[in-house]
Enquirer: 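Structure incoming, see below.
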Amino acid sequence: MWLQAGLHLRLVEARLGTGTLNALRRLPQVVGDKYATGAIDAATMELYGSSDPGFTVLGGDDTVISPLLAAAAHGGILASANVRTTDYTELIELWRRDATGPARGLGAELARLSAALFAEPNPTVLKGVSYAQGRISSPAVRLPLLAASAGSVRRAVVPAAARTQETAA
């Protein structure tokens, strides 16, 4: 949940029911919510269906961001977007334009990417892929995490690559 305090925004993570979230969104200090419960259920649909103008609801589950966008998420806070930022931006724009066919196709492709990136604890595979792509200088992670296995990184490198012109068409 994004709380606006003067010029500062901060993220507060909590699992709250839709009744509580709807009460919080009426407070002037609360300007948005990152919704990441790991599932799409009746509560998710109620929250997205009751979004007030001026209140931002962002998806936070990488593998299901496309259906969340279809359900009216304004965008997302997604680790997977670090390796295919342009494609995630395009996905959001496709849903905003109501281009459901292309959005579903790209969403399914990005869901496979997210599944590969989360095959081991986050951010281990993501860092391994970012290193393989030359984006960062080391795949090292902080303890207690260990670096991702070479196999998991190898399986994620292909879907992490930018789409080809044929796929994009």
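Starting from 1, each residue takes its place in the sequence as its number.
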Enquirer: Under the 3.5 angstrom rule, does the side chain of Asp33 hit a backbone N or O of Thr56 as a donor-acceptor pair?
Expert: no
Enquirer: Compare every heavy atom of Gly59 with every heavy atom of Leu68, then report the nearest pair and how far apart it is.
Expert: CD1-CA, 3.9 Å
Enquirer: Verify the cluster assignment for Val83 and Ile136: are they in a single hydrophobic cluster under the rule of side-chain heavy atoms below 4.5 Å apart?
Expert: no
Enquirer: Below 4.5 Å, heavy atoms only, C-beta onward: do Phe118 and Ser80 meet side chain to side chain?
Expert: yes
Enquirer: For the pair Tyr131 and Leu126, evaluate side chain to side chain contact (heavy atoms under 4.5 Å, CB included) and give the outcome as yes or no after the intermediate values.
Expert: CA-CA 9 Å; Tyr131 175 72; Leu126 177 65; over 6 Å; no
Enquirer: Asp41 side chain to Thr44 main-chain N or O, any donor-acceptor pair under 3.5 Å?
Expert: yes
Enquirer: Between Arg25 and Val30 (side chain of the first, backbone of the second, donor and acceptor by atom type, cut-off under 3.5 Å), is there such a pair?
Expert: no
Enquirer: Ala156 and Val129: which non-hydrogen atoms are nearest, and at how many Å?
Expert: CB-CG2, 3.6 Å
Enquirer: Rounded to the nearest 0.5 Å, what separates atom NE2 in His74 from atom CD1 in Ile92?
Expert: 11.5 Å
Enquirer: Check whether any side-chain N or O of Lys127 sits under 3.5 Å from a backbone N or O of Ala140 as a donor-acceptor pair, and report yes or no.
Expert: yes
Enquirer: Check the pair Val141, Leu146 against side chain to side chain contact (heavy atoms under 4.5 Å, CB included), reporting the backbone distance first and the verdict last.
Expert: CA-CA 6 Å; Val141 293; Leu146 300 174; 5.6 Å; no
Enquirer: Ignoring hydrogens and geometry, is there a side-chain-to-backbone donor-acceptor pair from Arg84 to Pro159 under 3.5 Å?
Expert: yes
Enquirer: Could you check if a side-chain atom of Tyr35 sits within less than 4.5 angstrom of a side-chain atom of Leu58, using non-hydrogen atoms only?
Expert: no
Enquirer: Check Glu120 against Ser149 and note the closest heavy-atom contact, atom names and distance.
Expert: OE2-OG, 2.7 Å
Enquirer: Give the cluster check for Val125 versus Val157: same hydrophobic cluster or not, with ILVMFWY residues linked at side-chain heavy-atom distances below 4.5 Å.
Expert: yes
Enquirer: With side chains defined as the heavy atoms from C-beta onward, is the minimum distance between Ser152 and Thr124 less than 4.5 Å?
Expert: no
Enquirer: Less than 3.5 Å apart, any donor N or O on the side chain of Thr86 or Thr89 sitting next to an acceptor on the other?
Expert: no
Enquirer: Rounded to the nearest 0.5 Å, what separation is found between the OG1 atom of Thr85 and the CD atom of Glu90?
Expert: 13.0 Å
Enquirer: Minimum heavy-atom separation for Arg155 to Ala116, with atom names?
Expert: O-CB, 4.2 Å
Enquirer: Give a yes or no on whether a salt bridge exists between Arg104 and Glu109, defined as a side-chain N under 4.0 angstrom from a carboxylate O.
Expert: no
Enquirer: Once rounded to the nearest 0.5 Å, what's the spacing between atom CG of Asp62 and atom CG of Leu117?
Expert: 8.0 Å
Enquirer: Please tell me if the side chains of Trp95 and Thr100 come closer than 4.5 Å, counting only heavy atoms from C-beta onward.
Expert: yes
Enquirer: To the nearest 0.5 Å, what is the distance between CG on Leu78 and CG on Leu110?
Expert: 9.5 Å
Enquirer: Determine, step by step, whether Thr63 and Ser114 satisfy the side-chain hydrogen bond (donor to acceptor under 3.5 Å, both in side chains) criterion, reporting the C-alpha distance in whole Å, the side-chain angles of both residues, the deciding distance to 0.1 Å, and the verdict.
Expert: CA-CA 5 Å; Thr63 56; Ser114 295; over 6 Å; no
Enquirer: I need the minimum non-hydrogen distance between Pro121 and Leu145, along with the two atoms involved.
Expert: CB-CD2, 3.9 Å
Enquirer: What heavy-atom pair brings Leu91 and Ser66 nearest, and what distance separates the two atoms?
Expert: CD1-OG, 3.9 Å
